[in-house]
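Right, one structure below, let's go through it.
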Amino acid sequence: MNPVEIIRNKRDGKILTVKEIQYFVKGFTNGEIPDYQVSAFVMAVYFNGLNDNELYQFTKEMIETGEIVIPNANMDKYVDKHSTGGVGDKLTLIIAPIVAACGLKFPKMSGKGLSFSGGTIDKLESIKGFKVNINKNDFIKQIDEIGIGIIGQSENLAKADKQLYTIRDVTATVESIPLIASSIVSKKIASGSKNIVFDVKVGAGAFMKDINSGLNLANTLVELVKKFGGSSVAVVTNMNSPLGHYVGNSLEIIEVVECLKGNMPKDIEELVYELAGQLLIIGGKTSSLTDSKLIVKEKIKNLTGLDKFKELISYQGGDPSFINNYNLLPQAKYETIVKADNEGFISFIDAEKIGMISLNIGAGRMKKDDEIDYAAGIYLPRKIGDKVEKNDIIGKIYYSTENIEINLIIKKFKSAFKFVQKPEEETKLIYNVIR
Ligand code: URA
């Protein structure tokens, strides 16, 4: 078989055979097909897509390039949540303890942040002592004992995805529905997840920029999971503006604790109730969202979600005393306040720009192995719809390195905001639920 032929077939919009897909995925994973041919292939897929069968076969081959967690009988009852990535998205860390406090088992393999989009593992690593690498047997024991565990992605899971992602990242082919769906589902199925709630983010701070692409990705994910015998729900949500008031690792940990104490910003609250609610349904605890929401409310009110978060931190070697003293988290050396130049109502805060600023000040990484500053981040006191007077504080930027061009950062920060003179209709946060 010849890689050029396979690339040509896809370039010309032909349907690939099972053998061609097997050959290509194996070939690039074991290094026989060079990166330049893989680049041409992903670009051909970007333009011509994969049909349902090709996508299933492609995903199946990707799964088989790595370790496959052998599901045990209990795993049928485990639940998992996956976000396609956003700015200020700390929802997993709020939802997982709540759901575990309801008696569901929530083992979670999470990723690190890349580019403007943050990662759950980076947030957890800002907690002193917290271990994100745990061997498989200890992790299973932890899930049995406390019902929750959050670890980094195993290096051996769907190995093809790592190589492919590295190439997609530098060839402008990340934003392809079949490539995103196969990347996500291969890792989920290989790690044994059966009951998944997807949060498919759409907007300025997401890979999917418009609602139709988001709906398309949501349908693709749900149908693909079904083909592997799992069950899932995809909630399509608005990621135009950052979630909550904080972006940056240790700052977001503080926001998680505040949310678990019941102090939730409106946007986070709506998504927590929806996504945790869907998890309770898919995990068999309730049969309606109304019932689910009542249970979630109780777990927040009686602080059992917060207790579960503490338990998770202690079990994984972290020191939870910061929960009562936020100064025990990494602290930035500098704080710069940004004030509004004019009065008006905030109609938009560009999540991608805010995400890029957090990257520029050290809170994220451009390349997989970059070091990050856990204390760096951004505070956004005002949200969409808020009235702002001239000179009101619209942001605080926390950073620790001297060689930051803070005036440029302030300019970029201000350019992320749009103001209008009359309040606009509230934008929808949840667009659709696909099952
Ligand atoms: N998350 C993934 O795991 N893969 C993608 O391609 C995009 C988001």
Side-chain angles (χ1 to χ4, degrees), residues 25 28-29 38-39 41-43 45-47 49-50 55 58-63 65-67 80-89 91-92 108-123 150-193 196-210 213-222 224-225 228 230 232 234-237 239 243 351-352 355 359 364-368:
V25 175
F28 73 70
T29 310
V38 182
S39 305
F41 177 79
V42 288
M43 192 55 88
V45 172
Y46 179 91
F47 282 114
L50 295 175
L55 178 60
F58 189 70
T59 310
K60 183 166 173 283
E61 286 309 314
M62 283 175 62
I63 293 170
T65 58
E67 174 191 21
D80 195 354
K81 167 200 168 277
H82 183 91
S83 161
T84 56
V87 179
D89 183 1
L91 294 173
T92 293
K108 174 88 181 124
M109 278 193 194
S110 278
K112 296 192 169 216
L114 195 62
S115 186
F116 61 81
S117 157
T120 300
I121 287 300
D122 298 329
K123 303 182 211 299
I150 304 181
I151 54 172
Q153 215 128 51
S154 151
E155 283 296 308
N156 297 325
L157 220 55
K159 282 187 182 159
D161 179 59
K162 271 187 201 75
Q163 270 154 284
L164 213 56
Y165 199 93
T166 311
I167 292 173
R168 287 168 57 207
D169 201 30
V170 292
T171 54
T173 50
V174 170
E175 302 91 338
S176 148
I177 288 172
L179 293 177
I180 294 178
S182 54
S183 163
I184 293 174
V185 173
S186 62
K187 287 174 289 196
K188 291 282 143 197
I189 300 299
S191 64
S193 298
I196 312 162
V197 172
F198 292 110
D199 181 2
V200 176
K201 302 251 176 242
V202 174
F207 293 124
M208 296 291 107
K209 301 290 180 201
D210 61 87
S213 316
L215 290 174
N216 198 347
L217 176 59
N219 272 306
T220 308
L221 287 168
V222 169
L224 191 54
V225 169
F228 287 98
S232 67
V235 183
V236 183
T237 66
M239 188 18 89
L243 267 180
E352 183 169 6
L359 198 67
R365 55 174 80 72
M366 284 306 277
K367 291 192 262 63
K368 277 205 161 83

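Just follow the structure's listing: the first ligand is 1, and inside any ligand the first atom is 1.
- Side-chain contact between Lys187 and Met109 is absent, with no heavy-atom pair separated by less than 4.5 Å.
- Rounded to the nearest 0.5 angstrom, Tyr46 OH and Ile177 CD1 are separated by 10.0 Å.
- Results of the side chain to side chain contact (heavy atoms under 4.5 Å, CB included) test with Val200 over Ile184, Thr237, Leu217 single out Leu217 as the only residue that passes.
- The line from CE of Met208 to CG of Asp210 is 8.5 Å long, rounded to the nearest 0.5 Å.
- Gln163 contributes a side-chain N or O that, together with a main-chain N or O of Phe28, makes up a donor-acceptor pair within less than 3.5 Å.
- From Phe198, atom CZ reaches atom OG of Ser232 across 5.0 Å, with rounding to the nearest 0.5 Å.
- Contact shell of ligand 1 (protein heavy atoms, cutoff 4.0 Å): Tyr165, Arg168, Ile180, Ser183, Ile184, Lys187, Phe207.
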